[in-house]
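The sequence lines fix the lettering, A, B, ..., with proteins before strands; numbering per chain opens at 1.
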Amino acid sequence: MVRVRYAPSPTGTLHIGGARTALFNYLFARHMGGKFVLRVEDTDQSRKIPGSEEAMMRGLKSVGALWDEGPDTDGAPYGPYRVSERLHRHRQAADMLLAEGHAYRCFCTPEELEEERRGRQAQGLPPRYSGRCRSLSAEEVKIRADQRSVVRLKVPLEGETVVHDIIRGEVRFENRIFDDFVIMKPDYTPVYNFAVAIDDHDMAITHVIRGEEHLPNTPKQLFVMDALGFAVPQFAHLPMILAPDRSKLSKRHGATSVEEYRDQGIILPALANYLLLLGWSSPDGQELLTLEEAVAQFSLKRVQHTAAIYDQKKLEWMSHQYMTRLSVSEIAEMARPFINYALKPQPEFEAVVDVSRERAFTLVQLAQQMRFFYEAPESYEAKGVAKHFGEGAAQRLELLAEHLAALPEWNHDSLVGAYDALSESLGVKRAALIHPTRLALTGRTVGPGLFEIVELLGRELVVERLRTAQTRIQQGNVPTFA
RNA sequence: GACCCCAUGGUCUAGAGGCCUAGGACAUCACCCUUUCAAGGUGGUAACCCGGGUUCGAAUCCCGGUGGGGUCACCA
């Protein structure tokens with residue numbers, strides 16, 4: 001049974017890199033008919049940010065990376081799923097290693113270590129721990145028992161360690177480049193590289209799928225597993241996601257968390273779809289695919305080796321694709337939180353969403369573009385006023401208002417007919433009527449098809465707005481905006 | 001600096017020795033459609049980092065260089 005895990009540390013919100021990693025774990029687990037575990041890596045309690053665990057879970061859910069076992073799943077067999085709650089296991093393992101001589105207590109102070117490091121660097125040597133406490137006698141350790149100490153793992157002095165990576169093949173490390181690293185801090189709590197190895201083993205993790213930044217640390221975890229006699233899981237190190245300037249993603253690059261994209265109004269399933277394509281591609285080149293489709297096709301063998309740079313433009317394009325392909329009711333529900341004005345029973349919300357969504361890339365844009373349906377324009381686009389509210393416009397708007405007020409039927413076809421008839425009798429092009437109307441009704445020069453707008457807005461509002469615009473023009477008092 | 005990973009258009013990628021005059025998508029440019037803006041349609045510009053090998057033949061294999069990224073904590 002395949003078991004994979006995503007193990008975020010609760011120090012903030014879900015990053016898109018983390019979201020992608022979680023997604024790949026999810027996809028792999030589902031594809032293999034295995035389990036996806038969420039483990040909260042709160043080893044260092046001091047770095048924990050309140051509410052972050054919940055934020056992580058929200059983020060994961062919103063991109064569809066749903067876990068089978070985690071801190072919130074009742075009765076899951078491999079709990080607890082918070083590392084901080086597994087302390088007894090880590091201590092037990094450390095005790096064992098100490099007893100068997102695979103690890104030892106180190107009494108060196110941080111100051112001594114710092115001095116040692118400086119000395120080595122002065123000689124041009126890598127800053128590694130010398131291992132000087134490795135050979136302390138049992139008696140001496142006993143004598144100094146009440147002194148502050150850490151536990152270090154005895155790392156093999158010679159040979160090499162090979163990481164078998166599904167994506168990259170065999171990655172070799174000379175053992176002598178590693179020093180005896182700390183596995184337990186002075187308060188006898190574990191250090192990350194120690195805890196992960198134990199937790200992955202205890203949770204029966206078969207495949208460790210994580211970011212490439214973990215690759216150089218993998219040998220350390222292998223040393224721990226070896227010392228403890230654990231079977232080694234398979235590894236797959238995913239390429240990183242970089243900012244457009246090829247540097248590591250950070251706040252200064254704009255949005256980097258799932259939460260921020262949600263606030264921008266990016267359609268979340270589109271974000272998941274986009275993330276999916278960062279480092280993985282469907283065998284047949286399909287780009288728009290649901291998570292279910294991706295599950296069916298997913299393979300770690302098709303994961304790219306190269307770091308990917310995320311592209312906001314393509315993300316937005318993807319969001320637009322979902323905007324127009326999802327059902328109206330789905331989009332309407334997603335859009336609701338972004339409506340920052342009062343809705344009215346008429347025009348009907350879903351109908352408005354439907355005519356508006358085609359030109360919106362995000363839900364924020366959609367909400368903005370729908371506004372005029374519920375609020376009459378208070379000012380008009382300057383550029384449009386210059387073009388369409390000039391000579392004869394007031395008169396045309398008045399005629400339009402008259403005709404529309406008297407129109408027997410109110411639907412798309414009858415409206416088109418009315419505009420055709422009027423433009424013909426006036427001897428002007430239909431566009432000469434359409435543009436001023438759009439400006440009068442919406443305040444803008446761009447938007448949905450005019451007849452859709454008119455039909456939806458309804459006779460009363462249309463006539464009213466036409467007359468308002470007409471009056472403003474006649475009074476030479478047309479408020480504008482740039 | 002040491003160690004590790006990586007290298008196809010601006011970006012995401014296809015490509016597992018001949019199917020490649022290097023394919024697709026985003027972006028970009030032009031045109032078409034058109035009541036505006038989008039969307040859509042058609043077409044265009046644009047890439048195998050460099051140098052050596054191996055081979056009849058290399059984007060694909062090997063070596064070196066260069067470049068980019070990552071890791072070197074009593075953080076995760």
Side-chain angles (χ1 to χ4, degrees), chain A residues 7-11 41-44 46-47 83 106 108-110 113 117 121 124-129 148-152 163 165 167-168 171-174 177-179 181-187 189-193 195-196 211-220 237 239-240 242 244 246-248 274 277-288 301-302 304-318 320-321 324 356-361 365 369 384 387-388 416 419 423 429-435 437-439 442 444-451 453:
Chain A
S9 69
T11 53
E41 207 69 39
D42 58 349
T43 313
D44 188 346
S46 64
R47 289 185 19 136
V83 175
C106 169
C108 298
T109 63
L113 260 18
R117 257 194 290 270
Q121 273 176 335
L125 294 167
R128 294 167 42 227
Y129 171 64
R148 181 187 182 281
S149 69
V150 297
V151 178
R152 288 183 185 270
V163 177
D165 192 283
I167 297 170
R168 292 157 211 281
V171 182
R172 297 169 178 280
F173 297 85
E174 294 278 347
I177 66 168
F178 297 96
D179 59 5
F181 59 96
V182 173
I183 57 175
M184 293 298 269
K185 303 177 200 176
D187 61 357
T189 60
V191 152
Y192 170 76
N193 282 130
V196 251
E212 189 189 341
E213 67 272 22
H214 288 282
L215 186 50
N217 279 325
T218 307
K220 293 187 182 178
H237 288 94
M240 313 234 346
L242 266 26
R246 305 205 126 276
S247 70
K248 205 169 176 178
Y274 176 72
L277 262 24
L278 248 32
W280 178 82
S281 60
S282 153
D284 61 5
Q286 191 186 353
E287 299 220 327
L288 290 166
K301 288 283 193 296
R302 287 190 65 81
Q304 190 79 7
H305 299 182
T306 324
I309 294 172
Y310 87 100
D311 180 16
Q312 178 85 14
K313 276 283 191 348
K314 187 154 183 178
L315 208 210
E316 286 175 9
W317 169 81
M318 191 73 82
H320 178 255
Q321 295 301 313
T324 55
S356 305
R357 61 174 168 163
E358 199 178 328
R359 55 221 94 204
F361 283 55
Q365 287 173 7
Q369 290 168 11
K387 223 170 177 175
H388 308 300
V416 174
Y419 273 76
S423 68
K429 293 211 288 192
R430 199 168 70 174
L433 258 26
I434 285 173
H435 295 306
T437 305
R438 175 179 287 106
L439 191 58
T442 73
R444 308 285 315 269
T445 57
V446 304
L450 199 262
F451 302 110
I453 296 175

Going 5' to 3' along [range], which nucleotides have protein heavy atoms under 4.0 Å from the base (write B), which only from the sugar-phosphate (write S), and which from neither (write -)?
range: nucleotides 58-63 of chain B; answer: ------
range: nucleotides 64-76 of chain B; answer: ----SSBS--BBB
range: nucleotides 29-43 of chain B; answer: ------BBBBS----

Whole angstrom value for the distance that separates [atom2] of [N] from [atom1] of [X]:
X: Asp311(A); N: rG9(B); atom1: CG; atom2: P; value: 15 Å
X: Ile309(A); N: rC26(B); atom1: CD1; atom2: P; value: 19 Å
X: Gln312(A); N: rG10(B); atom1: CD; atom2: C1'; value: 16 Å

Excluding sequence neighbours, so at least two apart, what forms ring-ring contact (aromatic ring centres under 6.0 Å, His included) with [X]?
X: Tyr129(A); answer: none
X: Phe178(A); answer: Phe223(A)
X: Tyr274(A); answer: none

My understanding is that only residues two or more places apart in sequence, or in another chain, count here; which of them pass salt bridge (charged side-chain N to carboxylate O under 4.0 Å, His left out) with [X]?
X: Arg172(A); result: Glu160(A), Glu170(A)
X: Arg168(A); result: Glu212(A)
X: Arg438(A); result: none
X: Lys220(A); result: none

Paired nucleotide for rC74(B) [Watson-Crick or G-U wobble; both distances under 3.5 Å]: none

Pairing nucleotide - rC26(B), Watson-Crick or G-U, each distance under 3.5 Å: rG10(B)

Gap in Å between the two P atoms, one belonging to rC29(B) and one to rU34(B), rounded: 23 Å

List, with names and distances, any nitrogen or oxygen atoms from the protein found under 3.5 Å away from nitrogen or oxygen atoms belonging to nucleotides 19-24 of chain B.
unit_1  : atom_1 : unit_2    : atom_2 : d
rG24(B) : N2     : Glu287(A) : OE2    : 3.1

Sugar-phosphate, base or nothing in reach of Gly279(A), heavy atoms under 4.0 Å: sugar-phosphate

Donor-acceptor contact below 3.5 Å, side chain Asp165(A) vs main chain His237(A): yes

For Val151(A), all residues meeting side chain to side chain contact (heavy atoms under 4.5 Å, CB included), sequence neighbours excluded: Leu98(A), Ala103(A), Arg105(A), Ile183(A), Met184(A), Tyr188(A)

Residue Val171(A), side-chain heavy atoms: nucleotide from rC5(B), rC12(B), rU13(B) that is nearest: rC5(B)

